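For reference, the structure is listed below as structure tokens.
Here is how names work: the chains are called A, B, and so on, in the same order as the sequence lines, proteins then strands, and each is numbered from 1. Keep in mind it's a predicted model, so treat the numbers as computed, not measured.
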Amino acid sequence: MNAVVRRRIIADRIARGLIVFATVLVVAILAWILAILVYKGFSAFKPTLFTENTPPPGEAGGLANAIVGSLLLVGVAMLVATPIGILAGTYLNEYGRGSWLSSVVRFVNDVLLAKPSILAGLFIYEIIVAPSGGFSGWAGSAALAIIAIPVVVRTTEDMLDLVPSSMREAAHALGASRARVITSVSYRSARVGITTGIILALARIAGETAPLLFTSLNNQFFSTDMSGTIANLPVMIFQFAMSPYDDWQALAWAGALIITLAVLALSILSRIFQRTAK
Amino acid sequence: MALVDRQRVATSSAAGDSRRSVRFFNGSAFERAFAGLCLAAALFVLLILGGFFVSLTIGAWPALAKFGPAFVWTTTWNPVTGVFGALPAIAGTLITSAIAIVIAVPLAFAIAIFITQLAPEWLRQPLGVAIELLAAIPSIIYGMWGLFVFAPVFRTFVQAPIIALFDNVPVLSSIFSGPAIGIGMATAGVVLAIMILPFIAAVMRDVIATVPKRLKESGYAIGATDWEVARAIIIPNCAGGLTGAVFLGLGRALGETMAVTFIIGNANRITANIFAPSNTIASTIANEFQEAYTDMHSSALIALGLLLFVITFIVLALARLMLKRISS
């Protein structure tokens with residue numbers, strides 16, 4: 001074995017060693033984060049989390065108001081984002097294919113996908129909170145919807161793209177009109193994939209904190225009134241974690257665990273759907 | 001006869017890229033309504049981006065009118081005296097993001113190479129899925145972990161030894177100076193790195209997967225080692241896509257709010273000491289917006305938001321242009 005070959009083999013061993021080391025290191029750190037979260041979250045876990053409201057410092061309590069508030073905020077946001085996202089995705093893949101408008105929309109949508117979420121909060125503050133004179137659940141949902149729409153648009157477009165043109169052609173040949181082909185053939189065949197997009201969008205907004213800071217705010221009490229401030233898990237976690245009180249910090253960990261489990265469950269669900277879609 | 005012709009147009013155009021040639025508004029009321037709704041929804045996406053820009057500009061106007069372009073390079077941010085300059089927040093944002101990128105990019109690339117090239121077949125899929133799932137964890141979790149778990153560890157095992165090590169070295173002693181308090185720009189940068197790592201790795205894995213198999217195989221066929229294939233074939237072949245992945249990660253790091261707000265220390269000052277508390281654009285907004293009592297203070301915070309909007313737009317647009325070839 002000559003010197004050059006030996007040097008190349010040594011370089012390869014070193015590089016592979018570093019790559020394996022880096023992967024193990026990162027996996028270990030991420031496992032560390034999850035382990036802490038599970039440990040601290042489960043220590044604070046008790047059934048009353050789901051039945052009692054957030055307490056004043058020093059008293060026992062739960063997260064019922066925050067959980068209900070989060071479900072409301074996310075639910076309303078998805079009710080708005082889903083139709084808009086699906087229709088826009090339909091335009092991109094069905095009507096506007098190849099047009100300059102759809103390339104512009106696609107580009108803008110990709111940028112929106114990655115825009116800092118705090119900007120959505122400021123935007124909604126400017127157009128809803130400030131003019132209407134107060135923080136509200138509606139504003140919080142609007143901010144979340146703005147984050148969810150690009151996710152739905154992107155997945156809908158991708159999934160419609162997987163529908164074979166021969167199916168559309170067959171429907172056209174039977175005399176079906178364009179809108180009829182889209183609603184009865186394309187949607188039906190991409191149904192699972194489009195659902196994946198909705199679940200992904202849910203997972204994306206479930207843990208968003210920054211856009212809610214200046215829109216829905218938080219509320220110590222139980223409320224389902226979307227026109228006032230409303231309790232929600234992410235902002236509760238932020239406030240309680242930053243507080244000096246041990247019980248509040250424990251509740252923050254419990255809330256963080258609930259949110260992470262929800263997001264992971266949604267992500268896994270979307271993967272299962274995706275597998276059946278392809 | 002006309003109907004048949006129209007159907008033929010529709011059929012033949014559906015096959016190729018010329019589907020646009022089907023006229024929008026032909027046919028029944030449902031046809032028109034549906035096509036109109038789709039177009040409206042697509043325009044709404046444009047409207048969102050336009051709305052961001054217009055509303056932030058209007059909100060920022062009082063501050064921009066008062067301070068002018070000097071807003072960007074003024075080093076004082078003082079709500080009490082009403083003097084607002086963005087430089088402390090800009091500096092904090094750039095320093096934390098730079099730390100995050102420097103740490104995250106090599107590690108993310110290593111993971112992507114491991115998953116696509118080195119890992120045994122049975123490990124590739126689960127590891128890839130795990131990385132993608134981790135990329136979906138809300139950033140507030142990383143913030144909490146950073147504050148309660150990582151900051152004390154970082155203080156004891158990294159900050160204190162480094163400060164002691166460079167105590168008498170010129171220049172370095174001012175970049176790494178005490179006291180070691182755990183929170184600050186360096187901690188925020190490291191936590192940001194950990195947060196964007198799975199995301200960058202997942203994108204890089206997809207990019208590397210687009211390198212044609214026969215190129216890699218021809219490399220191995222002439223006797224190249226794994227590392228030589230990675231360095232001389234994979235990297236040059238998808239350099240644009242890899243850069244796009246880095247820019248996407250940078251876009252995340254620049255605008256990340258929650259992971260940073262917990263651990264940056266909330267101090268509006270400029271310092272070369274990377275262990276010192278500071279503020280980023282996003283953390284300044286998150287910390288102060290609700291408590292801004294003067295209109296000028298709110299307006300200055302929105303002006304910061306506008307700056308963040310412009311910076312991230314440029315970074316994300318570049319990322320998209322570089323990744324375009326990959327996705328299409």
Side-chain angles (χ1 to χ4, degrees), chain A residues 8 11-12 15-16 18-20 22-23 26 29-30 33 36-37 84 87-88 90-92 95-99 105 107-112 114-116 118-119 122-123 126-127 146 153 165 168-169 172-173 175 177-179 203 207 209-210 213-214 234 237-238 241 256 259-260 263-264 267, chain B residues 7 10-11 14-15 17-20 22 27 30-31 34-35 37-39 41-42 44-46 48-49 51-52 55-56 59 107 110-111 113-114 118 133-134 136-138 140-141 144-145 149 194 197 225-227 248 251 255 257-258 282 285-286 289-290 302 305 308-309 312-313 316-317 320:
Chain A
R8 287 175 51 205
D12 185 55
R16 283 201 298 190
L18 286 175
I19 286 171
V20 172
T23 309
V26 171
I29 290 175
L30 293 167
I33 297 178
I36 292 280
L37 177 67
I84 296 177
L87 287 171
T90 309
Y91 176 83
L92 290 182
Y95 287 106
R97 177 174 284 219
S99 71
V105 172
F107 179 77
V108 165
N109 193 66
D110 280 345
V111 170
L112 283 176
K115 268 273 160 204
I118 193 166
L119 293 178
L122 279 183
F123 172 46
E126 282 290 292
I127 65 164
I146 281 183
V153 173
S165 326
R168 293 196 186 88
E169 287 163 27
H172 277 304
S177 67
R178 188 146 186 76
T209 317
L213 288 175
F214 342 112
I237 294 172
F238 180 51
I259 285 223
T260 307
V263 168
L264 286 181
S267 306
Chain B
Q7 288 306 335
T11 314
D17 260 359
S18 55
R19 252 185 255 178
R20 67 184 143 159
V22 175
F30 172 62
E31 279 298 296
F34 190 75
L37 277 175
C38 287
L39 180 63
F44 187 76
V45 173
L46 296 183
I48 294 177
L49 192 79
F52 268 100
S55 72
L56 290 177
L107 290 173
I111 294 173
I113 289 287
F114 183 78
L118 300 184
L133 288 180
L134 288 166
I137 290 182
I140 192 168
I141 309 295
M144 280 182 84
W145 175 81
V149 183
I194 297 170
L197 240 168
T225 61
D226 281 326
W227 172 239
L248 272 187
T257 312
M258 302 323 294
I285 300 172
F289 197 74
Q290 281 178 49
I302 294 173
L308 182 63
F309 176 88
T312 51
F313 184 85
L316 295 172
R320 272 305 141 199

Heavy-atom pair count under 4.5 Å with chain B, highest-scoring of [options]:
options	answer
A:A179, A:A256, A:A210, A:G207	A:A179
A:L119, A:V20, A:L112, A:I84	A:L119
A:T90, A:V153, A:L92, A:L30	A:L30

Region of A:I33 in contact with chain B, defined by heavy-atom distances below 4.5 Å: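 Contact with chain B: backbone and side chain both.
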
Side chain, backbone, both or neither of A:V105 within contact of chain B (heavy atoms, under 4.5 Å):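 Interface part for A:V105: both.
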
What residue, out of [options], has the most heavy-atom pairs lying under 4.5 Å from chain A?
options	result
B:A136, B:G251, B:A286	B:A286
B:C38, B:A41, B:G255	B:C38
B:A317, B:S55, B:P138	B:S55
B:I137, B:I48, B:I140	B:I140
B:F289, B:F114, B:W227	B:F289
B:I111, B:L197, B:L56	B:I111

Proximity breakdown for B:L134 and chain A, heavy-atom pairs closer than 4.5 Å: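 When you check distances to chain A, only side chain atoms of B:L134 fall under 4.5 Å.
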
Heavy-atom proximity to chain A below 4.5 Å, by part of B:M144: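 Answer is both: backbone and side chain atoms of B:M144 are under 4.5 Å from chain A.
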
Check: A:K115 side chain, B:F309 main-chain N or O, donor-acceptor pair, under 3.5 Å: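 Indeed, once roles are kept as given, a pair shorter than 3.5 Å links the two residues.
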
Charged tip of A:R178 within 45° of B:F34 ring normal and under 6.0 Å: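 Not flagged: A:R178 not positioned over aromatic ring of B:F34.
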
A:F107 atom CZ, over 12 foreign heavy atoms within 6.0 Å: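 Atom CZ in A:F107 is packed in, count exceeds 12.
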
Pairing residues for B:D226 by the salt bridge (Lys or Arg N to Asp or Glu O under 4.0 Å) criterion, not counting sequence neighbours: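 Once residues adjacent in sequence are excluded, the partners of B:D226 under the salt bridge (Lys or Arg N to Asp or Glu O under 4.0 Å) criterion are A:R16.
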
Those residues that, when tested against A:A114, pass side-chain contact (heavy atoms from CB on, under 4.5 Å) (two or more places apart):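 Here the qualifying residues are B:L248, B:L316.
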
